Amino acid sequence: MAHEIVCVAPVGDRCGEGAVWSAAETALYWTDINRFLVHRYDEATRAVRTWLFDEPVVAISLTSDDGRLLVALGSKLIWWWPGTDRRADHGFFLPGAPRVRLNDGRADPAGNFWVGSMKNNVLPDGQLGDVAPGEGILYRIAPDGAVSEWRHGLGISNTLCWSPDRSTFYFGDTLANEIYAFDYDAKAGAISGERSFFTGFERGSPDGSAIDSEGFLWNCRYGGSCIARIAPDGSHAEAMEMPVTNITTCTFGGSDLKTLYITTAGSGPAERLAGSLYATRVDVSGMPENRFGVTTR
């Protein structure tokens, strides 16, 4: 599919990730894992503001408390109020850190936060270390703080999305080049019935994804220079070509949720704008962001 891909913020991220659209602010938040940063792009003014954290920032979630975000760092979850830059520990600390770290995470329709872990490939100075399969776990953190484990033996946890009818959960392992589908019980916030959904695609590896209102999964392909749009039956519908190689996450924004915002990672001097934030207009709207439930003030 041919789209006009626009570089809206040439921020030079080493590994841009975690794109989240805040409709209330008409702004996009995203992270740079390896520089320990969170960026905020204001759609109206096109201004970018950036905050520095003490360790890798891997995922961001809206919450039911306006003005407060849940932020996943490499080793723990924290509360963050961007308006004042107040920060406080949430209470979840990753077992085994820093040998392992958190990676992609997202709130579900029931208000839980799902986040996966992986072997820690970010060195203390932000440089890249090695990855290895089998060390990751998929966690669910409930609004009351209860933690449960739902999947073990993961390489790089990525892609957390729910179908528009809230019946299916999608989850990926980058190292396995596979995206899985699960039955999702919205009332219980539980998953079951794991099955292969999209595997073996030759263009890059599966990174983050977003879901549109028609139930198609938009999967960013790290190393593949494209975003794969995957039909609800798991068939590959089409690929959106990107001007850089390493595509990391995407999410739908804008007043009509028809602006696809796309984060990328650096890939060397040959791609001058790798690591930028990109945007494009699409024909189908996305789904609003879920919010993590807040039980404490």
Side-chain angles (χ1 to χ4, degrees), residues 13-19 30-38 53-61 70-78 89-90 92-106 113-141 147-161 169-180 182 191 194 196-201 204-209 219-224 245-249 263-268 275:
D13 288 336
R14 292 185 192 170
C15 188
E17 285 280 0
W30 79 103
T31 80
D32 182 354
I33 292 178
N34 293 78
R35 290 191 295 167
F36 311 172
L37 303 178
V38 171
F53 288 74
D54 294 330
E55 57 178 294
V57 192
V58 298
I60 303 170
S61 177
L70 182 72
V71 176
L73 304 179
S75 71
K76 63 183 179 178
L77 300 182
I78 66 169
D89 284 338
H90 162 274
F92 173 79
F93 297 88
L94 177 64
R99 186 180 58 81
V100 292
R101 70 168 175 86
L102 296 175
N103 201 47
D104 202 6
R106 197 175 242 158
F113 185 69
W114 294 75
V115 62
S117 64
M118 60 179 285
K119 181 181 183 296
N120 190 359
N121 66 335
V122 180
L123 303 178
D125 63 357
Q127 296 300 312
L128 277 176
D130 297 326
V131 296
E135 298 194 35
I137 296 172
L138 176 62
Y139 295 93
R140 186 194 72 189
I141 296 92
V147 178
S148 51
E149 300 177 6
W150 293 82
R151 181 72 153 75
H152 291 78
L154 299 166
I156 299 178
S157 305
N158 259 313
T159 289
L160 296 95
C161 289
F169 168 64
Y170 300 101
F171 177 71
D173 186 336
T174 302
L175 293 186
N177 193 11
E178 185 154 16
I179 298 174
Y180 309 94
F182 298 77
I191 59 174
E194 177 184 326
S196 180
F197 174 70
F198 188 69
T199 186
F201 188 51
S205 303
D207 209 310
S209 298
N219 176 233
C220 297
R221 304 299 297 187
Y222 191 94
T245 301
N246 295 325
I247 318 305
T248 52
T249 61
T263 64
T264 62
S267 58

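Note that the structure is predicted; figures quoted are calculated from it, not measured. Computed over heavy atoms, backbone and side chain alike; hydrogens, waters and symmetry mates excluded.
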Minimal non-hydrogen separation, V122 against P56, with atom names: CG1-CG, 3.7 Å
Residues which pass side chain to side chain donor-acceptor pair (under 3.5 Å) with S205, listed by chain and number, not counting sequence neighbours: none
Crowding at CG, D54 (>12 non-hydrogen neighbours, <6.0 Å): no
Residues N120, V100; criterion side chain to side chain contact (heavy atoms under 4.5 Å, CB included); working and verdict: CA-CA 4 Å; N120 190 359; V100 292; 5.5 Å; no
No-hydrogen, no-angle side-chain donor-acceptor test under 3.5 Å, T263 and T249: yes
Selection residues 119-133 - residue pairs positive for salt bridge (charged side-chain N to carboxylate O under 4.0 Å, His left out), sequence neighbours left out: none
Sequence neighbours excluded, every pair satisfying side chain to side chain donor-acceptor pair (under 3.5 Å) that has a member inside residues 93-106: R99-E135, R101-N103, R101-N121
Nearest-0.5 Å distance, CG of residue N246 to CZ of residue R14: 14.5 Å
Validation row: N34, L128 side chains within 4.5 angstrom (heavy atoms): yes
Salt bridge (Lys or Arg N to Asp or Glu O under 4.0 Å) partners for R151, two or more places apart: E194
Beyond-backbone contact of I141 with Y139, side-chain heavy atoms, under 4.5 angstrom: yes
Derivation of the ring-ring contact (aromatic ring centres under 6.0 Å, His included) call for F169 and W114: CA-CA 11 Å; F169 168 64; W114 294 75; 5.4 Å; yes
Non-hydrogen side-chain atoms of D32 and V57 separated by less than 4.5 Å: no
Partner set under side chain to side chain contact (heavy atoms under 4.5 Å, CB included) for S157, not counting sequence neighbours: L154, F171
Min side-chain heavy-atom separation M118-I156 under 4.5 Å: yes
Reported CG-to-CD distance for the pair L138 and E149, which is rounded to 0.5 angstrom: 9.5 Å
Min side-chain heavy-atom separation I247-Y222 under 4.5 Å: no
Whether D173 side chain and L175 backbone form a donor-acceptor pair below 3.5 Å: yes
Ring centers of F198, Y170 separated by less than 6.0 Å: no
Residues forming a side chain to side chain donor-acceptor pair (under 3.5 Å) with S209, sequence neighbours excluded: T159, N219
Close side-chain approach of F113 and R140, heavy atoms under 4.5 Å: no
Note: D207-R221 ion pair, threshold 4.0 Å (strictly below): no
Smallest separation among heavy atoms of E178 and S196, with atom names: OE2-OG, 2.6 Å
Heavy-atom donor-acceptor pair, T264 side chain to G275 backbone, under 3.5 Å: yes
Separation of L77 CG from S61 OG (nearest 0.5 Å): 10.0 Å
Interatomic distance, T248 atom OG1 to W30 atom CH2 [nearest 0.5 angstrom]: 11.0 Å
Side-chain heavy atoms of S117 within contact of I137, under 4.5 Å: yes
Close side-chain approach of V58 and L73, heavy atoms under 4.5 Å: no
Shortest non-hydrogen contact from L94 toward L102: CD2-N, 3.6 Å
